[in-house]
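Both backbone and side-chain heavy atoms feed into the values below; hydrogens, waters and symmetry mates do not.
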Protein chains: 2
Amino acid sequence: MRELKVAMLGFGNAGRAFAELLLNKKEEIKQAYSCDVKVVAIATGSRGSLVNVAGIDLSKACRDMETLCRFDTDSRDYSEMISMEIADTVEYDLLIELTPLAIFSGQPAIDHIKAALNRGKHAVTANKGPIAWAFEDLRRLAEEQGVRFYYETTVMDGTPVFNLVEETLRMCRVTEVSGILNSTTNFILEELAKGKDYDAVIMEGKERGFVEADPSMDVEGWDAAAKTAALLNVLMGAGITPDQMDRKGIEDITIEQIRDAEARGKVIKLLCRGTIENGKVIGRVAPEEIDKNELSATIAGTSSVVSITTDLMRTISIVEHDPGIEQTGFGVFSDLIRVIVNSGK
Amino acid sequence: MRELKVAMLGFGNAGRAFAELLLNKKEEIKQAYSCDVKVVAIATGSRGSLVNVAGIDLSKACRDMETLCRFDTDSRDYSEMISMEIADTVEYDLLIELTPLAIFSGQPAIDHIKAALNRGKHAVTANKGPIAWAFEDLRRLAEEQGVRFYYETTVMDGTPVFNLVEETLRMCRVTEVSGILNSTTNFILEELAKGKDYDAVIMEGKERGFVEADPSMDVEGWDAAAKTAALLNVLMGAGITPDQMDRKGIEDITIEQIRDAEARGKVIKLLCRGTIENGKVIGRVAPEEIDKNELSATIAGTSSVVSITTDLMRTISIVEHDPGIEQTGFGVFSDLIRVIVNSGK
């Protein structure tokens with residue numbers, strides 16, 4: 001039985017969903033892959049950290065976070081180490097980057113991952129910043145170090161997009177990508193179509209948890225641009241950053257435009273696109289009118305779609321229906337399993 | 001550089017599309033996987049066979065089939081060996097089963113594959129008969145022999161369905177499957193909706209190649225039932241055969257029903273479903289009314305969809321858009337690559 005020591009940076013909703021899934025599947029993983037997965041460290045920004053190279057008590061960590069809203073300072077594993085110290089010094093085999101997204105820099109997540117890769121450790125990230133801002137550097141570093149670096153969760157939670165192309169569309173060259181990847185704008189456009197006022201929709205969205213306190217990152221297309229950059233960097237080798245996208249948000253869409261489109265059998269959605277023009281990958285995020293009998297027109301609420309066109313398989317689409325936080329947890333979990341399967345360790 | 005000797009049984013459109021792709025990618029496969037893939041035998045039913053353990057001339061085989069509509073009897077590799085003899089006696093590493101479907105028995109394809117597996121050879125099939133009628137036997141035999149057995153092409157051509165679940169949804173338990181998998185019925189229902197007469201639709205479909213000479217296998221839901229059996233056998237361990245499905249075709253659907261559904265914002269499609277009832281997997285093929293703003297309603301013409309519900313990832317859908325014969329060729333090709341990657345050889 002081999003052992004895989006995991007360090008988690010970040011322990012928000014996604015991290016806890018992953019931890020719960022790992023606890024549920026720990027014995028099954030042992031049986032299926034002869035691998036004992038141990039979480040040896042968890043770092044949080046302001047709720048303390050846990051470190052124990054023999055393995056922390058993950059159940060207690062989940063429980064404490066729920067009841068105390070922080071780690072138990074009396075625990076023998078309690079530590080004040082910050083995430084970068086853990087990335088740099090703790091003895092782990094796999095670093096899982098789950099810290100909050102810094103959408104205009106990708107930091108400090110990029111540095112966390114670099115620290116792990118430079119030490120010859122595998123890395124998994126659910127944080128799209130590093131993939132949107134520094135993918136090629138990180139990919140090359142992982143390759144040089146002979147370690148695994150996976151990031152399935154960064155686009156469409158656990159729905160296979162990157163793993164789909166890498167594992168099941170081998171030798172295909174991706175020539176085009178499109179998708180609907182931002183549920184906040186999906187929600188807003190749908191509610192506006194019902195005739196509601198923009199401010200009322202934003203307020204209702206905040207109450208229902210579909211809209212962030214500051215909705216501008218979603219409304220102006222930055223979140224979609226970061227996801228599109230991640231898609232194009234991984235699938236098309238674009239070397240593009242979110243600020244290099246041709247980006248337009250939904251802030252100027254009026255109820256009149258939505259109704260006018262509807263009268264013509266169309267619906268307005270925030271579309272993400274990547275194409276090749278003159279040998280260069282071009283990324284674009286903008287509201288577009290879609291014919292109502294096209295697949296994309298049916299992507300509502302928190303559902304999302306990516307369509308991938310390749311030289312050998314034309315266009316296939318993959319759709320995630322109404323995901324919950326468990327599907328984000330599964331994304332991280334599936335990358336963990338992929339590390340186990342594909343690492344020589 | 002290792003070598004992989006391939007025997008192909010059948011050389012129809014799919015076989016030739018695969019052969020063309022293999023010819024195009026032969027050097028790339030060598031570079032990427034250090035493997036030299038050689039086709040050492042091709043069997044056809046009535047157009048002769050080719051056998052040469054040093055490798056036949058695949059370009060010439062494709063050319064001859066196009067110009068002579070059979071293999072060249074003057075070729076030094078020409079042989080009168082039938083498919084079963086080739087499966088039983090030729091020195092190959094991988095058997096690719098591409099003979100015509102026998103929808104009510106799966107034979108002789110099942111015996112071809114058994115012959116290969118019993119000899120400790122890998123097998124790939126594009127023929128859904130064996131997966132619909134004998135999957136569990138074949139799977140167990142391959143496992144006992146420690147060889148690879150893949151069948152991606154049997155449902156939705158090269159679109160990853162089986163590989164998707166096996167490679168990217170690891171440790172997920174499939175609890176439900178649904179899909180639209182028969183393009184002939186899709187075409188007929190769409191044309192009927194335009195107000196055309198049933199017989200006229202069938203005649204037009206035959207001319208345009210969407211409808212077989214005998215349309216009953218499609219119209220009565222047998223083709224969809226075979227694909228559903230394949231899905232449920234592989235993904236849900238159903239051990240079910242096409243004749244055990246709750247099966248209803250579209251032969252009784254009238255233009256009045258279609259119009260009535262349309263008036264209620266619905267469209268009629270032939271749906272395939274697999275569910276678990278009282279611990280048993282139940283398969284069902286039947287025309288159903290679908291709400292027009294559901295994903296399935298947008299699956300038109302030769303496009304198809306499979307939706308897969310699992311315990312860990314809820315529901316995801318994968319859609320194939322307007323495939324050609326090249327996408328069937330890719331299905332076989334992707335399984336070949338998977339054999340190369342996953343075989344210890």
Considering only heavy atoms, which portion of B/Ile318 lies under 4.5 Å from any heavy atom of chain A: side chain, backbone, both, or neither? both
In terms of heavy-atom proximity below 4.5 Å to chain A, should B/Phe162 be classed as side chain, backbone, both, or neither? neither
Using side-chain contact (heavy atoms from CB on, under 4.5 Å), reason through A/Val319 and B/Ile316 one step at a time and then give a plain yes or no. CA-CA 5 Å; A/Val319 176; B/Ile316 65 172; over 6 Å; no
Measure distances from B/Asp335 to the heavy atoms of chain A and classify the residue's part below 4.5 Å as side chain, backbone, both or neither. neither
Roughly how far, to the nearest 0.5 Å, is the CD atom of A/Gln327 from the CG atom of B/Leu312? 8.5 Å
Chain A heavy atoms under 4.5 Å from B/Ile29: which part of the residue, side chain, backbone, both or neither? both
Between B/Glu326 and A/Met313 (side chain of the first, backbone of the second, donor and acceptor by atom type, cut-off under 3.5 Å), is there such a pair? no
So which of A/Ser296, A/Ser307, A/Gly158 has the largest heavy-atom pair count under 4.5 angstrom toward chain B? A/Gly158
Hey, which of B/Leu21, B/Leu295, B/Ile337, B/Asn24 has the most heavy atom pairs under 4.5 Å with chain A? B/Leu295
Exam field: side chain A/Glu28 to backbone B/Met171, donor-acceptor pair closer than 3.5 Å: no
Apply the test side-chain contact (heavy atoms from CB on, under 4.5 Å) to residues B/Val341 and A/Arg170: give CA-CA distance (whole Å), side-chain angles for both, the deciding distance (0.1 Å), then the verdict. CA-CA 10 Å; B/Val341 170; A/Arg170 286 172 191 274; 3.9 Å; yes
Would you say the side-chain atoms of A/Arg314 pair up with the backbone N or O of B/His321, donor to acceptor, closer than 3.5 Å? no
Please flag which part of B/Asn163 lies under 4.5 Å from any non-hydrogen atom of chain A: side chain, backbone, both or neither. both
Residue, of B/Ile299, B/Val267, B/Leu169, B/Asp157, that accumulates the most heavy atom pairs under 4.5 Å with chain A: B/Leu169
One option among B/Ser334, B/Gly329, B/Ser317 has the most heavy-atom pairs under 4.5 Å with chain A, and it is B/Ser317
Contacting moiety of A/Leu164, where chain B heavy atoms sit under 4.5 Å: both
Do you know the tightest heavy-atom contact between B/Thr298 and A/Asn293? CB-O, 3.4 Å
Tell me, side chain or backbone of A/Glu294 under 4.5 Å from chain B's heavy atoms, or both, or neither? backbone
